[in-house]
Amino acid sequence: MKYEVFATYDQMCRRAANLISAQIILKEDAVVGLATGSTPLGIYNTLADWYAKSDLDFSRVRTVNLDEYCGLPFEDPQSYHYFMQTNLFSKINIKPSNTHLPNGLAPDIREECKRYDALINSLGGIDIQLLGIGHNGHIGFNEPSDTFSKDTTHIQLTEDTIRANSRFFKSPSDVPRSALTMGMRSIMCSRKIILVANGKEKEEIIHQAMEGPITPRLPASILQLHPDTTVLFTIE
Ligand code: F6R
């Protein structure tokens, strides 16, 4: 794993945006794996800026998101569909049909998990995957557990994650209790991975993920086995 530390959040976001744009310039129809949460916001703003300046073209890019809450309509401002639409897709020239997220409202959740894995395979896998990291070491919504989940899964969110994500909701009781998340196989088969984190409170978990034992109790630790992962960190 490569590790880069930045003095400011802006610098970290520019570096992540640079790595993503390099991939898109190299391969116009790249498959880009995307994350939500607060950390990628500056990256999406930077990509949208570069698109506005005609430095980037998303017309052939395909995207797959890591996760989505169960039970939230797409137009709910807390849904990840809404997040991606508002913070990135509406600001660039990506085709809506080229953007993909798991459907947390699917009537048959098991079928939806299978559909999502088949979709990622049909796109030829992920060229570059952007990840954040939870305080408990989750990536996507792959929560600490006894085993790594290989495939897209319906997951019960831990109390830690519900508490952390309640900052986006009116009250903790509004946070959905479950979500669909891409599994470790698709993440680990991504040809390149960028993990971004900011804030002093993420420093220890990043350190454990990079240097500690590889264990499903700290899902991000599996990235030690990936051949091309870059961790970008700032404590700003
Ligand atoms: C969301 C996701 C999560 C977040 C993580 C960190 O799509 O994949 O794993 O990346 O919870 O969230 P922030 O960036 O808000 O600290």
Side-chain angles (χ1 to χ4, degrees), residues 6 9-10 12-13 16-17 20 32-46 63-70 72 74 76-89 99-104 116 120 126 128-145 148-149 152-169 172 175-184 186-188 190 193-206 208-209 216 218-223 229-236:
F6 296 84
Y9 173 71
D10 271 6
M12 184 188 78
C13 290
I20 294 170
V32 182
L34 298 173
T36 60
S38 49
T39 317
L41 282 171
I43 303 169
Y44 296 155
N45 284 336
T46 308
T63 64
V64 285
N65 263 78
L66 284 165
D67 42 17
E68 177 58 287
Y69 288 119
C70 286
L72 292 187
F74 297 171
D76 187 304
Q78 301 312 331
S79 80
Y80 290 168
H81 279 78
Y82 186 96
F83 176 102
M84 289 312 306
Q85 196 52 39
T86 315
N87 293 305
L88 185 64
F89 299 155
T99 66
H100 306 280
L101 289 94
N103 178 2
Y116 204 62
I120 296 170
I126 299 166
I128 187 164
Q129 175 66 56
L130 178 64
L131 297 175
I133 183 169
H135 295 99
N136 60 5
H138 74 208
I139 46 177
F141 271 138
N142 292 285
E143 297 281 46
S145 163
F148 289 111
S149 55
T152 296
T153 323
H154 180 212
I155 197 130
Q156 300 303 314
L157 301 181
T158 60
E159 283 308 317
D160 263 359
T161 298
I162 291 169
R163 203 174 318 115
N165 288 8
S166 64
R167 69 191 194 277
F168 301 114
F169 290 80
V175 184
R177 269 29 193 180
S178 71
L180 299 185
T181 183
M182 192 189 284
M184 291 302 193
S186 298
I187 295 176
M188 289 299 283
S190 305
I193 294 178
I194 314 168
L195 186 150
V196 289
N198 71 320
K200 188 88 190 136
E201 71 283 1
K202 294 273 176 81
E203 199 172 19
E204 181 54 27
I205 199 78
I206 287 282
Q208 284 177 32
L218 201 170
S221 62
I222 199 172
L223 298 172
T229 290
T230 304
V231 176
L232 308 180
F233 180 67
T234 177
I235 52 171
E236 192 196 15

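Keep in mind that the numbers below use all heavy atoms, side chains included, and drop hydrogens, waters and symmetry copies. Start at 1 and go down the list; that is how both ligands and their atoms are numbered. In this chain, residues are counted from 1 in sequence order.
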| Do the side chain of Y9 and the main chain of G42 share a donor and acceptor less than 3.5 angstrom apart? | yes
| Over all atoms of both residues, closest heavy-atom pair of S166 and P172 | CB-CA, 3.7 Å
| Under a 4.0 Å heavy-atom limit, does I133 contact ligand 1 with its side chain, its backbone, both, or neither? | backbone
| request: Report the nearest protein non-hydrogen atom to atom 16 (O) of ligand 1: residue, atom name, distance rounded to 0.1 Å. | output: K202 NZ, 2.7 Å
| note | If you scan protein heavy atoms around atom 12 (O) of ligand 1, the nearest is G37 CA, 4.2 Å
| Nearest protein heavy atom to atom 11 (O) of ligand 1, by residue and atom, and its distance? | H138 NE2, 2.7 Å
| field | Contact partition for E143 relative to ligand 1, non-hydrogen atoms under 4.0 Å | value | neither
| said: Only heavy atoms of T39, strictly under 4.0 Å: list the atoms of ligand 1 that pass. | reply: 13 (P), 14 (O), 16 (O)
| remark: In terms of heavy-atom contacts, A35 and M84 come closest through O-SD, 4.1 Å
| query | Would you say the ring centroid of F169 lies under 6.0 angstrom from that of Y69? | reply | yes
| Which protein heavy atom lies closest to atom 3 (C) of ligand 1, and at what distance to 0.1 Å? | G140 O, 3.5 Å
| request: Give, for atom CG of L34 and atom CG of N87, the distance between the pair rounded to the nearest 0.5 Å. | output: 11.5 Å
| remark: For atom 2 (C) of ligand 1, the closest protein heavy atom turns out to be D67 OD2, 3.4 Å
| request: Nearest 0.5 Å please: distance from the OG1 atom of T152 over to the CE atom of M184. | output: 12.0 Å
| field | N142 and S149: side chain donor to acceptor below 3.5 Å | value | yes
| task | Find all atoms of ligand 1 within a distance of less than 4.0 Å from any non-hydrogen atom belonging to R167, and give their numbers and elements. | result | 13 (P), 15 (O), 16 (O)
| task | Identify, by atom number and element, the atoms of ligand 1 in contact range of L66, meaning under 4.0 Å from any of its heavy atoms. | result | 8 (O)
| field | For atom 10 (O) of ligand 1, the protein heavy atom that lies nearest, with its residue and separation | value | G132 CA, 3.2 Å
| field | Y116 side chain to H100 backbone, donor-acceptor under 3.5 Å | value | yes
| Of all the heavy atoms in H135, does at least one lie under 4.0 Å from an atom in ligand 1? | no
| query | What is the closest protein heavy atom to atom 1 (C) of ligand 1, and at what distance does it sit? | reply | T36 OG1, 3.1 Å
| note | When every non-hydrogen atom of I187 is compared with those of L66, the smallest separation belongs to CD1-CD2, 3.9 Å
